[in-house]
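Residue numbering restarts at 1 for every chain, and letters A, B, ... go by the order of the sequence lines.
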There are 2 protein chains.
Amino acid sequence: MGQEIAESLGVLLRRTTRTQLHRRLTEGMGEALDETTYPVLSALARTGPRSAADLAPEVGIDRSGVTRRASRLEEAGLVRREPDPGDRRAQLLVLTEQGRQAVAELRTRLADRIADALAGWPPGEAEAFARHLHRFTTDGPFG
Amino acid sequence: MGQEIAESLGVLLRRTTRTQLHRRLTEGMGEALDETTYPVLSALARTGPRSAADLAPEVGIDRSGVTRRASRLEEAGLVRREPDPGDRRAQLLVLTEQGRQAVAELRTRLADRIADALAGWPPGEAEAFARHLHRFTTDGPFG
DNA sequence: TATTGTTATACTCTATAACTATA
DNA sequence: TATAGTTATAGAGTATAACAATA
């Protein structure tokens, strides 16, 4: 059983698993939105307006990387920068209306893919899997 | 439910999730064995002796990358190169005894981490999760 | 003194292209 | 002609270090 999970993790954690999924999700959504900028846009949608420093651990890169990716998204009109009212050193990254639309499209695409994958599963198993996977990513062998 | 899976996938597919796990697994096992060479060693153990070209898709990089990583493992004595008896163009990458010992240690470490993560789960749920995760990585939204 | 965003720099890792040898 | 391994090269992406502004 542990061996089966180890094998599955091996596939999931492959570099190509991530890049290929993100590349397909962002396909045709403009030059600025690719597997590099996707995690920033996605994290921003998940957490709401954030500074680059706050977003960095969420995305798994440092603040200079967030700045660079955010600049690409800003040029494309998906993100804008606003001064943080509570800290004049900081800039908040905020989704524009166009950015929100892009996130909605990305979420739909991902949801469709997941639904397709689970379509043939026996009743109840998909729900159980969702719960288990969430628990595993939270308490799993990653900390 | 799809949303819950999407969130979990977001965590699993983070670049840092992979590198940190592999970094911890290989900790203290010599300079040649790190998060870069781990997937090659692991794939070799899983599939048996293979050429660089055959191993490339398994690892998710191209054959030049496999060659480079294999050379590091060879220098450290974990892998050796043998001529392929069936094709004189090819070189088979083979685990040495030291390489097999390293793989055994890595498997133990990963199994321990997984077992720790599942220790508190209700009876039967871990087994179900293992089956579901395997199915999901096989038929999932990645192809 | 510490932390912010940003930029420039150095480093790591990768794919691409070339080469020779063999199928 | 195509494919093997290998090497050199160029590209992408990253962390590190520095900077001025603000806490």
Side-chain angles (χ1 to χ4, degrees), chain A residues 13-23 26 31-44 47 49-75 79-94, chain B residues 13-23 26 31-44 47 49-75 79-94:
Chain A
L13 298 185
R14 266 207 286 258
R15 193 178 49 96
T16 48
T17 301
R18 170 175 52 91
T19 55
Q20 282 177 15
L21 177 62
H22 290 174
R23 198 168 294 168
T26 57
E31 203 176 344
L33 193 42
D34 58 18
E35 70 271 17
T36 305
T37 51
Y38 171 85
V40 171
L41 197 75
S42 175
L44 212 48
T47 68
R50 290 270 182 159
S51 68
D54 284 350
L55 219 52
E58 194 80 24
V59 181
I61 56 175
D62 86 333
R63 60 194 173 131
S64 73
V66 174
T67 289
R68 216 175 324 107
R69 298 184 187 190
S71 295
R72 287 186 53 201
L73 292 168
E74 188 183 31
E75 284 170 31
V79 161
R80 68 171 181 274
R81 287 176 158 95
E82 289 185 0
D84 184 341
D87 186 339
R88 288 197 301 175
R89 295 171 302 181
Q91 295 262 69
L92 291 181
L93 300 171
V94 187
Chain B
L13 297 185
R14 266 208 287 259
R15 193 177 50 98
T16 48
T17 302
R18 170 176 51 92
T19 56
Q20 281 177 15
L21 178 63
H22 290 174
R23 198 168 295 169
T26 57
E31 202 176 344
L33 192 43
D34 57 18
E35 71 271 16
T36 305
T37 51
Y38 171 85
V40 171
L41 197 74
S42 176
L44 212 49
T47 67
R50 290 272 181 157
S51 68
D54 284 351
L55 219 52
E58 193 81 25
V59 181
I61 55 175
D62 86 332
R63 61 196 171 129
S64 74
V66 174
T67 290
R68 216 174 326 107
R69 298 183 186 191
S71 295
R72 287 185 54 200
L73 292 169
E74 189 183 30
E75 284 171 30
V79 161
R80 66 170 183 274
R81 287 176 158 94
E82 290 186 0
D84 184 339
D87 185 340
R88 287 196 302 173
R89 295 172 302 179
Q91 296 261 70
L92 291 181
L93 300 171
V94 188

Only counting residues at least two apart or in another chain, list the ones meeting salt bridge (charged side-chain N to carboxylate O under 4.0 Å, His left out) with B/R15.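 None.
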
Sequence neighbours left out, what passes salt bridge (charged side-chain N to carboxylate O under 4.0 Å, His left out) with A/R80? Give chain and number order.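 Testing A/R80 for salt bridge (charged side-chain N to carboxylate O under 4.0 Å, His left out), a comparison that skips the adjacent residues, returns A/E82.
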
side-chain hydrogen bond (donor to acceptor under 3.5 Å, both in side chains) partners of residues 55-73 of chain A, not counting sequence neighbours, each pair once: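 Output for this query lists A/D34-A/R72, A/R46-A/E58, A/D62-A/S64, A/S71-A/R81.
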
Where does the chain A footprint on DNA chain C start and end, counting 5' to 3' with a 4.0 Å heavy-atom cut-off?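 The footprint of chain A covers C/dA2 to C/dA15.
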
Can you tell me how far the CG atom of A/D84 sits from the CZ atom of A/R50, to the nearest 0.5 Å?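 Interatomic distance, A/D84 CG to A/R50 CZ, rounded to 0.5 Å: 11.0 Å.
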
Between CG on residue A/L33 and OG1 on residue A/T26, distance to nearest 0.5 Å: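 Separation between the atoms: 5.5 Å.
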
Give every donor-acceptor pair under 3.5 Å between a side-chain atom in residues 86-93 of chain A and any protein atom, sequence neighbours left out.
| from | atom 1 | to | atom 2 | distance (Å) |
| --- | --- | --- | --- | --- |
| A/D87 | OD1 | A/R89 | N | 2.9 |
| A/D87 | OD1 | A/R89 | NE | 3.2 |
| A/D87 | OD2 | A/R89 | NH2 | 3.0 |

Just to verify, what does B/E75 make a side chain to side chain contact (heavy atoms under 4.5 Å, CB included) with, not counting sequence neighbours?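 By the side chain to side chain contact (heavy atoms under 4.5 Å, CB included) rule, B/E75 matches no residue at all.
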
For A/R69 and D/dG13, what is the distance between atoms CZ and P respectively, to the nearest whole Å?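 Between P of D/dG13 and CZ of A/R69: 8 Å.
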
Can you list the residues that meet the side-chain hydrogen bond (donor to acceptor under 3.5 Å, both in side chains) rule with A/Q20, with sequence neighbours excluded?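 For A/Q20 there are no side-chain hydrogen bond (donor to acceptor under 3.5 Å, both in side chains) partners, ignoring immediate neighbours.
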
Which parts of nucleotides 2-10 of chain D does protein reach within less than 4.0 Å, heavy atoms only, written one letter per nucleotide 5' to 3' as B for base, S for sugar-phosphate only and - for none? BBBBBB---

